[in-house]
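Contents: one structure, followed by commentary.
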Amino acid sequence: MALLIKNVRAIDPSCDLDEVVDIVIQDGIIKEVGQNLSIEKGVTEDYSGKIALPGFFDMHVHFRDPGQEYKEDIKTGSQAAVAGGFTGVATMPNTKPTTDTAELVSYQYEKAKELGICKVYPLGAITNGLKGEHLAEMGSMYNAGALGFTDDGHGVQNGGMERTAMEYSRQFDALIISHCEDEGIVGKGVMNESPISDHLGLTGWPTLGEEIQIERDIELAKITGARLHIAHITTAKGVEMVKKAKAEGVQVSCEVCPHHLLLNEELIDSKYPVNLKMNPPLRSKEDMLKLQEYFIKGDIDCLVTDHAPHAEHEKNIHFEDAPFGIIGLETSFALIHTNFVVNGKMSYQDLVERMSIAPRRLLHTEPVQIKAGSKGDLTIIDPDKKWTFENKDIYSKSKNTPFKGYEFIGKVSDTIVDGYHSYQDFKLAK
Ligand code: DOR
């Protein structure tokens, strides 16, 4: 099937493209990018006023499949992803059972492939059951398609175990993704440790609990030569450690979530808003503002959502007892576009670097470009559309988001995966 996209502004810094063009996609591959193109047979659509970008990729989502499909499954997670403009995602292994075998990696791969909504790349656990005790079968998971390894949800507490995982990962140059949380220091912390947590009577989750593991893992990456990626970074000091290590030649990168860029602990009040509880927690306003700076400058490599669906009955309880995490796929682009791109703080080129190019580069997946020969994975946005985020915009099975009622400028209108619409004209197509 051929698809001709007419009159779209296509932006792709990887091939120095920012121009109003036509794009022909045939059998899943971009055939031609240029002016006044035509096709003999197929579908032609006019995208005047819209912008085409290389398909977004979120390297940190939780799809809960297998085991907790009442929160999310591969189908609904994929639908939420394409509604947010993502043509690819990497899923975290804290499924039930843990994704710590080749079979479980293959199960997710195959299920996603069969559905054909969005590309899903399962990440493997570092340790069996995320227990930190025995190294998981990283080699067989890698052969089954796991592009990286992580015990996300927990930090690997034992430095020797983390070192062994890093050494092992070098055999296939796979990414080690660190959820940095020293459990001895964090204890039962539920929000950032500060006078605000004291005032609210909530146990603090100190920045040190994160930074001490960032430091440890950078040192381990130095001696092992492994490729290290720091998950959901939340503090200026953490980013500064990553920056310094990069300058010394350590192979380290980091990611940030929209919520840590745009929300902070001051929003947590005596209403104890459970949708502001996530791990790591919202930090101080100072840290948030510094993260924005580092994100815009590119010291933070990429944007991820940490899409963490939880059912209403689990999440909507006392703050202390509620599970950590919020959904994020449907709002990620709109939050960044509204807050950084519309006001000129960040270019579309930089947005593409953080949301499309860097995650694929880090995971060693095939790059997606707007040029002949590339996979036909595109995200098309309406840059001027004003909208308010409501329940009807959520495709995830879970609705745990603090962003309901937020007003946005810019919305994903179409998500094209391998040449076919998974999301079309602001509606699901699959
Ligand atoms: O807030 C979070 N939720 N952080 C994590 O690291 C895990 C995630 C989850 O699985 O719910």
Side-chain angles (χ1 to χ4, degrees), residues 58-74 76-77 80 89-100 108 122-127 129-132 148-157 176-183 186 188-192 202 205 209-210 213-214 217 229-235 238 254-263 265 268 273-283 304-317 319-329 331-332 396-403:
D58 186 344
M59 62 183 286
H60 192 141
V61 302
H62 299 266
F63 278 2
R64 314 293 191 210
D65 186 348
Q68 292 181 310
E69 292 90 341
Y70 65 96
K71 297 180 195 241
E72 195 77 288
D73 60 32
I74 293 174
T76 56
V89 297
T91 48
M92 289 292 153
N94 62 340
T95 48
K96 287 200 166 40
T98 304
T99 304
D100 54 12
Q108 292 173 60
L123 298 165
I126 291 177
T127 66
L130 308 176
K131 290 199 175 91
F149 298 93
T150 177
D151 270 7
D152 184 67
H154 308 271
V156 174
Q157 299 306 305
I176 293 288
I177 302 173
S178 281
H179 168 120
C180 292
E181 176 176 356
D182 183 312
E183 287 170 9
V186 172
K188 293 195 183 321
V190 292
M191 75 170 286
N192 189 40
L202 293 172
W205 191 138
E210 179 174 342
Q213 281 210 351
I214 296 179
D217 288 0
H229 181 72
I230 307 296
H232 39 46
I233 205 158
T234 67
T235 76
C254 64
E255 60 181 38
V256 71
C257 304
H259 45 271
H260 291 124
L261 284 174
L262 294 162
L263 306 174
E265 60 172 359
I268 302 175
V274 287
N275 285 329
L276 297 181
K277 179 177 176 184
M278 57 282 288
N279 187 9
L282 299 179
R283 298 294 187 194
V304 300
T305 61
D306 196 4
H307 179 80
H310 292 293
E312 172 80 15
H313 71 273
E314 294 168 317
K315 184 75 172 167
N316 212 355
I317 57 174
F319 193 95
E320 293 93 318
D321 301 326
F324 290 104
I326 59 169
I327 58 167
L329 286 163
T331 47
S332 181
S396 172
K397 276 189 194 173
S398 299
K399 315 289 174 208
N400 50 314
T401 164
F403 296 117

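In each ligand, atom 1 is the first atom listed, and ligand 1 is the first ligand listed. Bear in mind the structure is a predicted one, so any value in this text is a computation, not a measurement.
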If we number the atoms of ligand 1 from 1 as shown, the ones under 4.0 Å from a heavy atom of His179 are 6 (O)

Out of all atoms in ligand 1, which are within 4.0 Å of some heavy atom of Ala308? Include the element for each.
3 (N), 8 (C), 9 (C), 11 (O)

Would you call Pro323 a ligand 1 contact, heavy-atom distance under 4.0 Å?
no

What residue and atom, counting heavy atoms only, is the protein's closest point to atom 3 (N) of ligand 1, and at what distance?
Phe324 O, 3.2 Å

Which ligand 1 atoms, with their elements, are less than 4.0 angstrom from a heavy-atom of His310?
11 (O)

From Asn94 atom CG to Leu123 atom CG, the distance as rounded to the nearest 0.5 Å:
10.5 Å

Answer with side chain, backbone, both or neither: which part of His62 has a heavy atom less than 4.0 angstrom from an atom of ligand 1?
side chain

Counting each atom of ligand 1 from 1 as listed, which ones have a heavy atom of His232 under 4.0 Å away?
6 (O)

Rounded to the nearest 0.5 Å, how far does OG1 of Thr127 lie from NE2 of His154?
8.0 Å

Check the side chains of Gln108 and Thr99 for a donor-acceptor pair under 3.5 angstrom, ignoring hydrogens and angles.
yes

With heavy atoms and a 4.0 Å threshold, my read on which part of Asp306 contacts ligand 1 is side chain

Geometry only, no angles: is Met278 polar-contacting ligand 1 at N/O separations under 3.5 Å?
no

Please compare Arg64, Met92, His60 and report which has the shortest non-hydrogen distance to atom 11 (O) of ligand 1.
Arg64

I need the Thr331 OG1 to Ile326 CD1 distance, nearest 0.5 Å.
7.0 Å

Between His62 and Gln68, does any side-chain donor sit less than 3.5 Å from a side-chain acceptor?
no

May I ask you to check if ligand 1 and Gly325 share an N or O to N or O distance below 3.5 Å?
yes

Would you compute the distance between atom CG of Leu276 and atom CZ of Phe319 and round it to the nearest 0.5 angstrom?
7.0 Å

Look at the rings of His232 and His179 and say which category their plane angle falls in: under 30° parallel, 30 to 60° tilted, over 60° perpendicular.
perpendicular

Nearest 0.5 Å, please: how far is NZ in Lys399 from NZ in Lys315?
15.5 Å

In terms of residue, atom name and distance, what is the protein heavy atom nearest to atom 4 (N) of ligand 1?
Asn279 O, 2.7 Å

